[in-house]
Amino acid sequence: MLVVPRQVKVTVVELDPVMVRCAEEWFGLEQCEEMKVVVGDGVEYMKNTLLQGKKGHFHVIIFDVDSKDLTLGMSCPSPAFVEEGLLMVARELLSSQGALITNLVSRNLEMKNAVLKRLCDMFPQVIGIPVPSDVNEVMVAMVMPREDISQLASPDSPLKLLSSPAVKASFQSLVDTISGVDGGRSPVMRDHWEMSLNHAVLL
């Protein structure tokens with residue numbers, strides 16, 4: 001069972017209720033105060049959350065959604081999630097030390113550069129973390145200006161919290177759970193992540 005540390009509250013928005021049932025039946029998902037799942041459209045959820053006056057409500061927003069239309073030239077994220085309007089909504093929902101994290105998977109250089117430019121125009125700091133042996137790149141867009149980067153060392157920083165022993169232990173439990181399902185291949189995912197952090201690029 002994946003255990004969410006008490007100091008971290010996670011809200012997952014999933015479009016397909018079947019995926020939620022799979023998570024509950026096969027990965028031990030249990031909803032609680034620290035972990036809740038909303039079945040619905042992620043774009044609409046973000047817009048409605050902002051309309052409810054929850055500006056600065058989230059420390060971290062993660063986009064992990066792919067596009068089923070292979071003709072678009074970008075398989076992740078879905079183009080709707082990197083439109084200028086929604087990126088503005090995401091920034092408004094983030095705290096002053098918050099970060100937007102998304103996978104960026106595109107073999108279309110023009111489209112990829114357009115998304116990167118949009119992120120850089122919208123956020124003071126954007127870090128690209130390439131995944132070895134893959135076209136995928138993890139983008140971290142931060143609200144905090146570069147000159148204030150030292151604040152990320154504070155105990156209350158959301159990015160500092162994400163690297164805490166409790167969160168790392170939770171991530172390890174997820175890796176171990178998946179390992180039992182995929183025949184032990186998932187440690188490669190962890191190794192790729194650790195290798196990628198050594199190749200992060202500040203844009």
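Sequence positions, counted from 1, serve as the residue numbers for this chain.
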Residues, nucleotides or ligands: over 12 heavy atoms within 6.0 Å of Gln52 CD: yes
CD/Glu84: more than 12 non-hydrogen atoms of other groups inside 6.0 Å: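 Check fails, neighbour count at 12 or below.
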Do [X] and [Y] come within less than 4.5 Å of each other through their side chains, counting heavy atoms only?
| X | Y | answer |
| --- | --- | --- |
| Met142 | Val140 | yes |
| Thr49 | Leu93 | yes |
| Phe81 | Val43 | yes |
| Leu94 | Glu92 | no |
| Asn103 | Pro77 | no |
| Lys9 | Met35 | no |
| Val65 | Thr102 | no |
| Met122 | Met88 | yes |

Gln125 side chain vs Met144 backbone, donor-acceptor pair below 3.5 Å: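 Such a contact is found between Gln125 side chain and Met144 backbone.
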Could you grab the distance from atom [atom1] of [X] to atom [atom2] of [Y], nearest 0.5 Å is fine?
| X | Y | atom1 | atom2 | answer |
| --- | --- | --- | --- | --- |
| Asp66 | Met74 | CG | CE | 11.5 Å |
| Ile101 | Asp64 | CD1 | CG | 11.0 Å |
| Ser95 | Gln97 | OG | CD | 6.5 Å |
| Leu104 | Ser75 | CG | OG | 9.0 Å |
| Asp41 | Lys47 | CG | NZ | 8.5 Å |

Residue list, side-chain contact (heavy atoms from CB on, under 4.5 Å) with Glu83, at least two apart or on another chain: none
Which heavy atom of [X] sits nearest a heavy atom of [Y], and at what distance?
| X | Y | answer |
| --- | --- | --- |
| Val89 | Met46 | CG1-O, 3.7 Å |
| Glu14 | Asp16 | OE2-N, 2.8 Å |
| Val143 | Pro124 | O-CG, 3.0 Å |
| Met139 | Leu116 | CE-CD2, 3.3 Å |

With a 4.5 Å cut-off on side-chain heavy-atom distances among I, L, V, M, F, W and Y, is there a chain of contacts connecting [X] to [Y]?
| X | Y | answer |
| --- | --- | --- |
| Val39 | Val12 | yes |
| Met19 | Val37 | no |
| Ile61 | Val38 | yes |

Summary of side-chain hydrogen bond (donor to acceptor under 3.5 Å, both in side chains) pairs that have at least one residue in residues 114-123, sequence neighbours excluded: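 Matches after skipping sequence neighbours: Lys117-Asp121.
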Side chain to side chain contact (heavy atoms under 4.5 Å, CB included) between Lys112 and Arg107, worked out: CA-CA 8 Å; Lys112 180 179 179 179; Arg107 297 185 185 277; over 6 Å; no
Aromatic ring pairing Phe58/Tyr45, orientation class (parallel under 30°, perpendicular over 60°, tilted between):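 If you compare the ring of Phe58 with that of Tyr45, the planes turn out tilted.
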Pairs where residues 99-125 contributes a residue and the test ring pair (Phe, Tyr, Trp, His ring centres under 6.0 Å) is met, not counting sequence neighbours: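 Counting only pairs at least two positions apart or across chains, no ring pair (Phe, Tyr, Trp, His ring centres under 6.0 Å) contact touches residues 99-125.
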